[in-house]
There are 2 protein chains.
Amino acid sequence: MSSAVSIKDVAALAGVSIGTVSNVLNRPDVVADETRRKVLAAIEELGFVRNESARQLRTGTARAIGLVVPDVSNPFFTDVARGAEDAASDAGHMVILCNSDESEQRQDRHLQLLAEQRVHGVLITPVDAAPEPVRRLRDRGVSVVLLDRHADVADACSVSVDHRIGGTLAINHLLAEGHRELAMVTGPLSIAQCRQRLDGARDALVAAGRDPDGLRVVEVAAMNVASGRNAGERVLAGTRRPDALFCANDLLALGVLQVMVRAGVRVPGELAIVGYDDIDFAAAAAVPLTSVRQPSRSLGRRAAELVLGETNSPREHVHHHVVFPPELVVRESSRRFR
Amino acid sequence: MSSAVSIKDVAALAGVSIGTVSNVLNRPDVVADETRRKVLAAIEELGFVRNESARQLRTGTARAIGLVVPDVSNPFFTDVARGAEDAASDAGHMVILCNSDESEQRQDRHLQLLAEQRVHGVLITPVDAAPEPVRRLRDRGVSVVLLDRHADVADACSVSVDHRIGGTLAINHLLAEGHRELAMVTGPLSIAQCRQRLDGARDALVAAGRDPDGLRVVEVAAMNVASGRNAGERVLAGTRRPDALFCANDLLALGVLQVMVRAGVRVPGELAIVGYDDIDFAAAAAVPLTSVRQPSRSLGRRAAELVLGETNSPREHVHHHVVFPPELVVRESSRRFR
DNA sequence: GACGCGAATTGAAACGATTTAACGGGAGGC
DNA sequence: GCCTCCCGTTAAATCGTTTCAATTCGCGTC
């Protein structure tokens with residue numbers, strides 16, 4: 001059972017002390033060539049694998065970071081995860097991925113486990129606005145980077161996108177294309193991102209000299225395709241159908257689109273649609289989707305870099321707040337009908 | 001710095017020994033009510049968090065499993081991951097997610113790190129058919145479940161879908177709809193899943209009394225949307241365009257579809273398309289995609305259950321080979337043109 | 001009143017690595 | 001030939017838990 005092989009066995013076989021084996025592993029330069037070769041040979045022969053928990057216990061630092069997101073089945077978050085993994089990988093770290101499913105309870109359970117693992121840091125898109133979980137984590141000595149959420153609280157780094165501007169971009173575009181009767185499909189307004197996108201949308205209306213309350217808001221329970229279909233049906237059922245829809249993310253937009261296509265509503269002829277995130281599938285949709293792009297992979301990468309940087313030099317660390325600008329990608333779904 | 005709080009501090013504050021604190025943590029029933037309350041109060045007051053590495057070092061077992069997949073941005077694998085996480089979560093375990101990107105080198109690096117972490121087990125869709133990495137892992141004492149790959153080797157569990165039958169289903173359907181000039185778009189044939197789906201496709205042709213070599217094969221370098229577009233362009237450029245296309249996964253199919261729609265080729269009028277995986281976005285595509293469904297979430301869940309089961313009772317463990325049947329989901333993209 | 005018993009608690013020995021101060025021995029300077 | 005110095009190596013302490021044999025204590029039994 002080679003799993004039982006420890007540094008001690010290697011030392012015995014190589015005829016050196018365990019301290020020397022440790023040096024071969026961690027500071028190969030201080031050990032003589034001859035010795036190093038013997039030790040490496042012994043490691044090879046025994047199939048020795050370093051026990052990371054022992055290392056971690058002694059040094060106090062883990063080689064992993066946690067990533068807590070609401071939902072990995074959302075391609076936006078997989079892209080973020082990829083970015084985070086890229087950066088972590090470069091630093092020889094692993095990523096522990098956790099889904100909170102928008103449940104505070106699940107989130108807290110995950111955070112507890114991550115704290116027990118003594119992870120190097122945590123990247124999190126918190127379930128709700130309350131800075132509570134962040135504070136608890138910091139109290140436990142874990143450094144935290146808020147993902148896709150600008151930290152109002154000053155005690156953590158954050159990497160985010162200016163969603164308010166994103167909302168404004170979307171509405172400005174729809175207005176410019178000549179759409180007048182606008183509505184927004186959004187997930188729970190308890191989610192900060194949704195609120196901000198809505199605020200941005202209203203900003204645009206105000207700037208255009210229109211009544212921000214003229215924007216109808218269709219709020220659904222989740223931010224996935226199924227909820228999008230639900231929203232689509234509600235829009236269909238309503239009186240006075242809007243001629244353009246801004247959806248708080250692409251999954252919602254795809255759901256709405258599906259319902260519209262099925263119901264024979266021409267998009268963008270009778271109804272223009274703008275999504276948010278610009279996931280890969282937006283371009284491949286029934287009608288290629290206009291969307292507000294977030295640099296998701298960079299978001300994840302930057303966040304991971306921040307969290308790794310913070311714990312490496314906690315003394316002189318000052319919290320950064322990185323805000324990426326969103327960008328409108330125009331495709332078929334929002335064109336003016338001619 | 002509450003991160004420095006150890007069981008010893010708790011013991012001191014509560015006025016008991018560290019053994020008792022450990023008992024409160026792990027076997028609360030053996031300690032007297034009064035004592036338990038004191039200890040819990042001390043834990044609360046100090047903000048004590050158990051150090052998992054120390055626990056792990058002592059007990060030898062980690063509370064995490066590794067999941068190594070080619071690409072999490074493929075929704076099929078996120079679904080698998082969700083299933084695995086569900087099962088792991090139930091057992092109080094975490095999932096460490098790793099992307100191999102179809103690179104054997106990346107895969108091996110991840111496996112090395114997972115072995116060092118002494119993870120409870122590893123779920124893996126190996127980069128290539130070689131059972132080598134699996135063997136290495138087992139040698140290191142880590143139990144392994146092959147995901148989406150039937151183990152020809154008998155030394156590991158496997159959870160998979162019968163891709164050969166999946167390929168047959170797809171082609172039978174296309175033939176039944178009256179398509180005659182068939183082609184298959186596939187990722188690298190070094191990927192076993194691709195080969196099996198192709199074999200199944202040929203089976204169907206033979207069974208229908210047709211020449212299996214009449215099936216044109218378009219092989220591209222990766223299994224994502226971009227490669228699908230590439231395949232689409234090659235199909236367009238070729239002479240004698242097929243009237244039906246079986247794609248080795250939905251991402252390829254979506255890419256092809258995008259190109260066809262843009263080029264004005266009517267789907268399914270001039271070209272029928274069948275995908276594979278039935279990811280959520282298949283139904284929301286430009287033309288709702290007929291696809292061979294895999295029970296992806298169940299796949300992940302079952303695999304996680306197996307790996308947890310194996311290490312919990314390694315003595316009497318016998319390797320299971322779970323094979324789920326695929327299922328054809330018919331939508332617009334493959335209908336016979338009338 | 002001695003004894004045994006069970007329940008609750010304690011103390012100490014692991015687990016497998018890293019780290020640091022001490023050590024040995026050969027080279028070089030005087 | 002002796003003293004230093006330096007390089008490579010070693011021995012031992014340590015990290016924070018779990019676990020198990022040993023201990024204490026109160027109490028009922030004979």
Side-chain angles (χ1 to χ4, degrees), chain A residues 1-40 42-43 46-63 92 112-113 115-119 140-141, chain B residues 1-40 42-43 46-63 92 112-113 115-119 140-141:
Chain A
M1 198 58 58
S2 88
S3 70
V5 173
S6 84
I7 208 175
K8 202 190 308 183
D9 305 307
V10 174
L13 180 59
V16 299
S17 79
I18 62 174
T20 299
V21 177
S22 177
N23 279 335
V24 171
L25 256 31
N26 302 300
R27 313 201 293 283
D29 42 306
V30 310
V31 18
D33 284 3
E34 169 66 6
T35 317
R36 174 153 20 94
R37 274 194 298 103
K38 272 193 313 194
V39 171
L40 288 176
I43 287 179
L46 295 174
F48 165 77
V49 180
R50 181 215 253 106
N51 184 326
E52 174 68 16
S53 352
R55 196 205 125 269
Q56 194 175 131
L57 172 60
R58 182 62 233 256
T59 65
T61 79
R63 290 214 257 233
Q112 170 73 27
L113 288 177
E116 291 184 356
Q117 302 270 357
R118 298 289 191 272
V119 289
R140 291 170 178 169
Chain B
M1 199 59 58
S2 87
S3 68
V5 173
S6 82
I7 210 176
K8 202 190 307 184
D9 305 307
V10 174
L13 179 59
V16 299
S17 78
I18 61 174
T20 300
V21 176
S22 177
N23 280 336
V24 170
L25 256 30
N26 302 300
R27 312 202 293 283
D29 42 304
V30 311
V31 20
D33 286 3
E34 169 67 3
T35 316
R36 176 156 16 99
R37 273 193 299 102
K38 274 193 310 191
V39 171
L40 289 176
I43 287 179
L46 295 174
F48 165 78
V49 179
R50 178 215 256 108
N51 184 326
E52 174 69 16
S53 352
R55 194 203 129 272
Q56 194 174 131
L57 171 60
R58 184 60 235 255
T59 63
T61 80
R63 291 214 255 234
Q112 170 72 27
L113 288 176
E116 290 184 358
Q117 303 270 357
R118 297 289 190 273
V119 289
R140 290 170 179 167

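Values below: every heavy atom of this structure, side chains too, minus hydrogens, waters and symmetry copies. Naming convention: chains lettered A, B, ... in sequence-line order (proteins, then strands); numbering from 1 in each chain.
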Checklist line | Whole-Å gap separating P (D:dA11) and CD1 (A:Ile7) | finding: 14 Å
Next item on the list: Between A:Ile18 and A:Thr35, just flag the one whose closest nucleotide in DNA chain D comes earlier from the 5' side.
Entry: A:Thr35
Item checked: Phosphate-side-chain proximity, A:Ser22 and C:dT18, N/O vs OP1/OP2 below 4.0 Å -> yes
Item checked: Note, A:Val24 side chain near A:Val16 side chain (heavy atom, < 4.5 Å) -> no
Next item on the list: Compare the minimum distances between each of D:dG16, D:dT18, C:dT10 and the side chain of B:Leu25, then state the nucleotide with the smallest one.
Entry: D:dT18
Next item on the list: Return the value, rounded to whole Å, for the distance between atom CD of A:Gln56 and atom C1' of C:dT19.
Entry: 17 Å
Notebook entry, point to check: Considering only side-chain heavy atoms of B:Asn51, which listed nucleotide, D:dT18, C:dT10, D:dT17, is closest?
Noted result: D:dT17
Next item on the list: Rounded off to whole Å, could you give me the CZ-to-C1' distance for the B:Arg36 and C:dA8 pair?
Entry: 12 Å
Margin query: Of the listed nucleotides (D:dG8, D:dT17, D:dT10), which one gets closest to any side-chain atom of B:Arg50?
Written below: D:dT17
Notebook entry, point to check: Can you tell me how far the CD atom of A:Gln117 sits from the CZ atom of A:Arg63, to the nearest 0.5 Å?
Noted result: 15.0 Å
Note to self: What's the closest nucleotide to the side chain of A:Arg27 if the choices are C:dT20, C:dT18, D:dT18?
What the structure shows: C:dT20
Check: What integer distance in Å separates B:Arg55:CZ from D:dC15:P?
Finding: 21 Å
Notebook entry, point to check: With a non-hydrogen cut-off below 4.0 angstrom, is A:Val21 in contact with a base, only sugar-phosphate, or nothing?
Noted result: nothing
Margin query: Heavy-atom nearest nucleotide on DNA chain C for B:Val30 versus B:Leu57: which residue maps closer to 5'?
Written below: B:Val30
Next item on the list: Starting from P on D:dC20, measure out to CG on B:Asn26 and report it in whole angstrom.
Entry: 12 Å
Next item on the list: Tell me which of A:Asn23 and B:Thr59 sits closer to the 5' end of DNA chain C, going by the nucleotide each one is nearest to.
Entry: B:Thr59
Next item on the list: Could you please name the option among D:dT18, C:dT10, D:dT9 that lies closest to any side-chain atom of A:Val31?
Entry: D:dT9
Notebook entry, point to check: Rounded to the nearest Å, what distance is computed from the CG atom of residue B:Asp9 to the C1' atom of nucleotide D:dT17?
Noted result: 13 Å
Next item on the list: Kindly say if A:Thr20 contacts the phosphate of D:dT10, meaning a side-chain N or O under 4.0 Å from OP1 or OP2.
Entry: yes
Margin query: Output the rounded distance in Å from NZ (B:Lys38) to C1' (C:dT10).
Written below: 13 Å
Notebook entry, point to check: Is there a donor and acceptor pair closer than 3.5 Å between the side chain of B:Arg58 and the base of D:dT18?
Noted result: yes
Next item on the list: Could you check how far CD of B:Glu52 sits from C1' of D:dT17, rounded to whole Å?
Entry: 10 Å
Margin query: Going by the rule side chain to side chain contact (heavy atoms under 4.5 Å, CB included), which residues pair with B:Arg58 if we only count those two or more places apart in sequence or in a different chain?
Written below: none
Next item on the list: For B:Asn51 and B:Ser6, run side-chain contact (heavy atoms from CB on, under 4.5 Å): C-alpha distance rounded to whole Å, both residues' side-chain angles, the deciding distance at 0.1 Å, then the answer.
Entry: CA-CA 8 Å; B:Asn51 184 326; B:Ser6 82; over 6 Å; no
Check: Can you find a heavy atom in the side chain of A:Phe48 that is under 4.5 Å from one in the side chain of A:Leu25?
Finding: yes
